[in-house]
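My questions all concern the structure below.
Reckoned from all heavy atoms, side chains included, excluding hydrogens, waters and symmetry mates.
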Amino acid sequence: MRPRLLFICVENSCRSQMAEAFARMLAGDRVEASSGGSSPSGVVNARAIEVMAEVGYDPGVHRSEGLDGVPPGLFDTVVTMGCADACPHVPARRRVDWQVRDPTDLPGEEFRAVRDDIRRRVAALLAELGVDQRAGAEGPPEAGA
């Protein structure tokens with residue numbers, strides 16, 4: 001059975017969208033990845049779409065939605081990203097909080113640094129869960145590489 005992952009941030013427009021995208025990029029159909037917001041904005045951040053396109057993913061097909069829009073049932077891991085205890089309870093075997101800076105108002109390179117941090121965190125989570133990751137889907141190069 002493939003692990004069910006849910007990424008939650010406040011607006012479901014940027015961080016959680018990028019995390020969901022990286023889970024799909026790195027693991028494909030070996031996971032069920034979703035995202036939601038505690039107070040969804042209703043739109044995916046245009047800069048998130050832009051920086052994800054740079055690594056070969058189009059989150060423009062995603063929708064910013066509330067937690068009532070996520071698939072029902074027990075999740076293996078719920079990751080909160082910036083809403084911590086303010087996020088409503090979602091049934092999960094495990095809940096973790098990633099302290100990821102909101103990149104919305106950051107300049108380009110800092111925005112990309114947040115994107116790259118999220119990629120590393122998602123890759124580590126997948127490895128921890130024993131999920132094989134796609135060859136060649138490592139994402140953007142590390143800084144200084």
Side-chain angles (χ1 to χ4, degrees), residues 1-84 87-104 106 108-143 145:
M1 187 161 172
R2 49 190 197 145
R4 297 186 76 219
L5 309 175
L6 176 62
F7 301 95
I8 304 172
C9 69
V10 177
E11 293 185 346
N12 187 226
S13 67
C14 199
R15 292 170 290 184
S16 57
Q17 291 288 342
M18 290 191 287
E20 177 186 357
F22 278 122
R24 291 171 185 261
M25 280 180 70
L26 296 171
D29 62 2
R30 291 179 291 283
V31 298
E32 180 184 326
S34 302
S35 66
S38 54
S39 292
S41 68
V43 296
V44 177
N45 181 293
R47 291 179 67 211
I49 293 171
E50 177 185 322
V51 300
M52 290 305 294
E54 293 173 0
V55 296
Y57 189 89
D58 179 12
V61 299
H62 291 205
R63 290 183 37 230
S64 170
E65 55 191 0
L67 296 174
D68 56 345
V70 302
L74 181 69
F75 286 89
D76 293 292
T77 303
V78 168
V79 177
T80 56
M81 306 171 76
C83 60
C87 288
H89 176 74
V90 176
R93 289 185 174 88
R94 180 174 76 151
R95 184 180 176 115
V96 295
D97 184 52
W98 290 349
Q99 295 298 311
V100 176
R101 187 174 176 193
D102 183 355
T104 301
L106 296 177
E109 287 311 307
E110 290 180 52
F111 197 105
R112 287 177 183 88
V114 171
R115 173 202 61 195
D116 298 347
D117 178 42
I118 291 171
R119 181 198 52 80
R120 282 187 291 275
R121 290 172 185 258
V122 169
L125 174 63
L126 294 171
E128 187 180 312
L129 295 171
V131 176
D132 288 332
Q133 297 176 41
R134 293 180 175 179
E138 294 83 19
E142 299 298 322

What pairs of residues pass the salt bridge (charged side-chain N to carboxylate O under 4.0 Å, His left out) test when at least one of them lies in residues 11-20, not counting sequence neighbours? Glu20-Arg24

Do Asn12 and Ser35 have side-chain N/O donor and acceptor atoms under 3.5 Å apart? yes

Quick one, Asp97 with Thr80, criterion side-chain hydrogen bond (donor to acceptor under 3.5 Å, both in side chains). Give me CA distance, side-chain angles, the key distance, then yes/no. CA-CA 5 Å; Asp97 184 52; Thr80 56; 2.6 Å; yes

With a 4.5 Å heavy-atom cut-off, do Ser16 and Ile8 have their side chains touching? no

Which residue is it: Arg120, Gln17, Met52? I am looking for the one with a side-chain contact (heavy atoms from CB on, under 4.5 Å) to Phe22. Met52

Please list, chain by chain and in numerical order, all residues satisfying side-chain hydrogen bond (donor to acceptor under 3.5 Å, both in side chains) with Asp132, sequence neighbours excluded. none

Nearest heavy-atom approach of Ala123 to Gln133 is O-NE2, 2.9 Å

Between Val122 and Leu5, is any pair of side-chain heavy atoms under 4.5 Å apart? no

For a 4.5 angstrom cut-off between non-hydrogen side-chain atoms, does Arg94 reach Glu128? yes

What is the distance from atom CZ of Arg95 to atom CG of Leu6, rounded to the nearest 0.5 Å? 9.0 Å

Atom CD1 in Ile118, atom CZ in Arg101: separation rounded to 0.5 Å? 12.5 Å

Straight-line distance of Arg63 CZ to Ser13 OG, nearest 0.5 Å: 14.5 Å

Across all chains, not counting sequence neighbours, the salt bridge (charged side-chain N to carboxylate O under 4.0 Å, His left out) partners of Asp117 are Arg121

Determine whether Pro103 and Cys14 make a side-chain contact, defined as any pair of heavy atoms from C-beta on separated by less than 4.5 Å. yes

Is any side-chain N of the basic residue among Arg47 and Glu50 closer than 4.0 Å to the acidic one's carboxylate O? no

Of the non-hydrogen atoms in Val131 and Ala27, which two are nearest, and what is the gap between them? CG1-CB, 3.7 Å

For Pro3 and Leu129 the tightest heavy-atom approach is CB-CD1, 4.3 Å

Atom of Ala48, atom of Phe111 and distance for their closest heavy-atom approach: N-CZ, 3.7 Å

Step by step, would you call Val100 with Val114 a side-chain contact (heavy atoms from CB on, under 4.5 Å)? CA-CA 7 Å; Val100 176; Val114 171; 3.7 Å; yes

Contacts of Tyr57 that satisfy ring pair (Phe, Tyr, Trp, His ring centres under 6.0 Å) - sequence neighbours left out: His62

Does some side-chain heavy atom of Val55 sit less than 4.5 Å from a side-chain heavy atom of Arg119? no

Listed partners of Arg2 passing side chain to side chain contact (heavy atoms under 4.5 Å, CB included), at least two apart: Asp29, Glu32

Quick check: closest heavy atoms across Phe7 and Ala23, and the distance to 0.1 Å? CE1-CB, 4.0 Å

Residues in side-chain hydrogen bond (donor to acceptor under 3.5 Å, both in side chains) contact with Arg93, at least two apart in sequence or another chain: Asp76

Closest heavy-atom pair and its distance - Val78, Ala92: CG2-CB, 3.4 Å

